[in-house]
Amino acid sequence: MVSAVEVKNVFLKMGDFQLKNISFDIQRKEIFAILGKTGAGKTLLLESIAGFYRNLEGGIFLEGKNVLKIPLTERKIGFVYQDYGLFPHMTVRKNISYGLKMQRRSKMEIADKVDHMAGIMSISHILEQYPDTLSGGEKQRTALARSLVLDPGVLLLDEPFSALDPVTKAIMYQELLKINEQFDCAILFVTHDFTEAQKLAHRIGIMDRGCLKAVRNSDEIFDSYEYEELNHFFGIMKGACV
């Protein structure tokens with residue numbers, strides 16, 4: 001079976017920082033978390049998967065095709081940044097419809113898709129509002145709707161819950177699990193939160209200083225590692241029973 005995403009021997013140098021020999025894959029319908037400290041290279045890896053950098057060595061493949069050889073409008077990637085990236089001068093409706101307009105869909109199709117997606121994301125009541133009037137959860141739902149309305153094969157999320165209050169965060173955790181059930185896409189999110197990664201992801205990749213040190217099932221992340229820095233990161237005492 002062809003993976004939704006395959007990252008194969010990727011090297012990427014950006015200034016003094018480098019992603020080093022990273023390889024892993026993600027299956028369709030899988031939630032995969034990239035976990036690591038600030039500065040580990042998580043966002044750079046996410047942007048690399050989206051095809052933002054042409055100078056990388058190795059390969060990144062979407063459904064078996066090199067992402068850099070797929071036209072931008074045909075990559076079927078949804079990307080939500082930590083700050084949501086909404087257009088402040090556009091209403092929620094226009095934000096969600098933006099990608100569809102770029103694809104030159106008909107006005108009727110755009111209206112139908114936006115209304116349908118707004119219903120799924122429970123934001124029909126804010127479609128005519130502007131981003132600066134929205135709560136953090138509403139902004140995130142809008143950003144997710146804007147990505148999901150394009151039927152992506154891969155949904156990339158950069159620290160999607162870090163700016164939310166605890167109550168909204170718990171609600172959005174459930175929203176992500178609902179998206180995983182309802183949409184036929186792979187989900188990759190980056191985080192520095194152990195609990196978040198374990199609660200939401202099927203598998204977790206652990207990054208440290210530009211390297212992918214381990215990939216584990218979510219229920220195994222607190223088992224001992226061969227790398228002492230990872231044991232320290234997870235607070236695992238050497239020789240302790242875990």
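This is a predicted model, so every value here is computed, not measured.
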Inset, instruction - Give a yes or no on whether Lys94 atom NZ has more than 12 heavy-atom contacts from other residues, nucleotides or ligands under 6.0 Å away. - result: no
Legend entry - CA sep, side-chain torsions, deciding dist, call: Gln103, Leu150, side-chain contact (heavy atoms from CB on, under 4.5 Å): CA-CA 9 Å; Gln103 293 181 349; Leu150 297 173; 3.8 Å; yes
Inset, instruction - Kindly indicate, with the supporting measurements, whether the criterion side-chain contact (heavy atoms from CB on, under 4.5 Å) is fulfilled by Asp25 and Val7. - result: CA-CA 6 Å; Asp25 59 30; Val7 179; over 6 Å; no
Legend entry - Student check: side-chain heavy atoms of Val114 and Leu127 closer than 4.5 Å: yes
Legend entry - Path from Leu86 to Ile77 over hydrophobic side-chain contacts below 4.5 Å: no
Legend entry - Rounded distance (nearest 0.5 Å) linking atom CZ of Phe24 with atom CD of Glu6: 10.5 Å
Inset, instruction - Can you measure from CG (Leu155) to CD1 (Ile179) and round to the nearest 0.5 angstrom? - result: 6.5 Å
Inset, instruction - Indicate the atoms forming the closest heavy-atom contact of Gly210 with Ile22, along with that distance. - result: O-CD1, 3.7 Å
Inset, instruction - Would you confirm whether Asn231, through its side chain, and Ser224, through its main-chain N or O, come within 3.5 Å as a donor-acceptor pair? - result: no
Legend entry - NZ/NE/NH1/NH2 to OD/OE distance under 4.0 Å, Asp151 and Lys113: yes
Legend entry - Lys101 versus Ile110, closest heavy-atom pair with distance: CG-CD1, 3.7 Å
Inset, instruction - Calculate, to the nearest 0.5 Å, the distance between atoms CD1 and CZ belonging to Ile70 and Phe61 respectively. - result: 10.0 Å
Legend entry - Side-chain touch Leu200/Phe161, heavy atoms, less than 4.5 angstrom: yes
Inset, instruction - Answer yes or no: is there an ion pair linking Arg141 with Glu138, defined by an N-O contact shorter than 4.0 Å? - result: no
Inset, instruction - Using a strict 4.0 Å threshold on nitrogen-to-oxygen distance, state whether Lys76 and Glu63 make a salt bridge. - result: no
Legend entry - Polar side-chain atom of Asp165 near backbone of Thr168 as donor-acceptor pair, under 3.5 Å: yes
Legend entry - Spacing of Met207 atom CE and Lys213 atom NZ [to the nearest 0.5 Å]: 10.5 Å
Inset, instruction - Would you indicate whether the side-chain heavy atoms of Ile206 and Phe234 approach each other to under 4.5 Å? - result: yes
Legend entry - Transitive ILVMFWY side-chain link Leu35 to Leu230, under 4.5 Å: yes
Legend entry - Spacing of CG belonging to Asp208 relative to NZ belonging to Lys20, to within rounding of 0.5 Å: 9.0 Å
Inset, instruction - Verify, without hydrogens or angle tests, whether Lys42 (side chain) and Phe189 (backbone) share a donor-acceptor contact under 3.5 angstrom. - result: no
Legend entry - Donor-acceptor pair, side chain of Asn66 and main chain of Leu68, under 3.5 angstrom: yes
Inset, instruction - Please confirm whether the backbone N or O of Ala4 pairs with a side-chain atom of Arg28, one donor and one acceptor, at under 3.5 Å? - result: no
Inset, instruction - Would you check if the side chain of Gln198 reaches a backbone N or O of Ser218 as a donor-acceptor pair within less than 3.5 Å? - result: yes
Inset, instruction - Verify side-chain contact (heavy atoms from CB on, under 4.5 Å) between Val215 and Arg203, making sure each step is shown before the conclusion. - result: CA-CA 7 Å; Val215 175; Arg203 289 188 299 147; 3.8 Å; yes
Legend entry - Leu176 side chain near Ile187 side chain, heavy-atom distance below 4.5 Å: yes
Inset, instruction - Compare every heavy atom of Gly78 with every heavy atom of Pro152, then report the nearest pair and how far apart it is. - result: CB-N, 3.6 Å
Legend entry - ILVMFWY cluster, Leu19 and Leu56 together (side-chain gap under 4.5 Å): yes
Legend entry - Hydrophobic cluster membership, Phe87 vs Met102, 4.5 Å side-chain cutoff: yes
Inset, instruction - Give the ring-plane orientation class for Phe79 versus Phe52, where under 30° counts as parallel, over 60° as perpendicular and anything between as tilted. - result: parallel
Inset, instruction - Establish whether Val154 and Leu148 are linked, either directly or via other cluster members, by ILVMFWY side-chain heavy-atom contacts under 4.5 Å. - result: no
Inset, instruction - Kindly indicate whether the side chain of Lys37, heavy atoms from C-beta on, has any atom under 4.5 Å from the side chain of Arg209. - result: no
Legend entry - Sole residue of Leu188, Ile34, Val190 in side chain to side chain contact (heavy atoms under 4.5 Å, CB included) with Leu45: Ile34
Inset, instruction - Examine distances only and state if a side-chain atom of Lys178 and a backbone atom of Ile120 form a donor-acceptor pair shorter than 3.5 Å. - result: yes
Inset, instruction - Give a yes or no answer on whether the side chain of Asn180 reaches the backbone of Lys29 with a donor-acceptor pair at less than 3.5 Å. - result: yes
Inset, instruction - Grab the two heavy atoms, one from Thr191 and one from Ala197, that are nearest each other, plus how far apart they are. - result: CG2-CB, 4.0 Å
Inset, instruction - Compare all side-chain heavy atoms of Gln174 with those of Leu177 and state whether any distance is below 4.5 angstrom. - result: yes
Legend entry - Student check: side-chain heavy atoms of Leu134 and Gln129 closer than 4.5 Å: yes
Inset, instruction - Check whether the ring centres of Phe233 and Tyr225 lie less than 6.0 Å apart, and answer yes or no. - result: no
Inset, instruction - State, to 0.1 Å, how close His89 and Tyr130 come at their nearest heavy-atom pair, and which atoms those are. - result: O-CE2, 3.4 Å
Inset, instruction - Answer yes or no on whether Lys139 is positioned over the face of Tyr84, meaning its NZ or CZ is under 6.0 Å from the six-membered ring centre and within 45° of the axis. - result: no
Legend entry - Sidechain N-carboxylate O distance under 4.0 Å for Arg93, Asp115: yes
Inset, instruction - Assess whether side-chain contact (heavy atoms from CB on, under 4.5 Å) is satisfied between Leu44 and Tyr53, documenting all intermediate values. - result: CA-CA 9 Å; Leu44 186 60; Tyr53 305 108; 3.5 Å; yes
Inset, instruction - Rounded to the nearest 0.5 Å, what's the gap from CG on Asn21 to CG on Leu212? Could you check? - result: 10.0 Å
Inset, instruction - Answer yes or no: is there a donor N or O on one side and an acceptor on the other, between the side chain of Ser147 and the main chain of Leu144, under 3.5 Å? - result: no
Inset, instruction - Report, as yes or no, whether the 6.0 Å neighbourhood of atom OH on Tyr81 holds more than 12 heavy atoms from other residues, nucleotides or ligands. - result: yes
Inset, instruction - For residues Glu196 and Tyr173, determine if any side-chain heavy atom of one lies less than 4.5 Å from a side-chain heavy atom of the other. - result: yes
Legend entry - Nearest heavy atoms of Ile60 and Ser48, plus distance in Å: CD1-O, 3.3 Å
Legend entry - Donor-acceptor under 3.5 Å (Ser23 side chain, Asn9 main chain): yes
Inset, instruction - Determine whether more than 12 heavy atoms belonging to other residues, nucleotides or ligands lie under 6.0 Å from atom NZ of Lys13. - result: yes
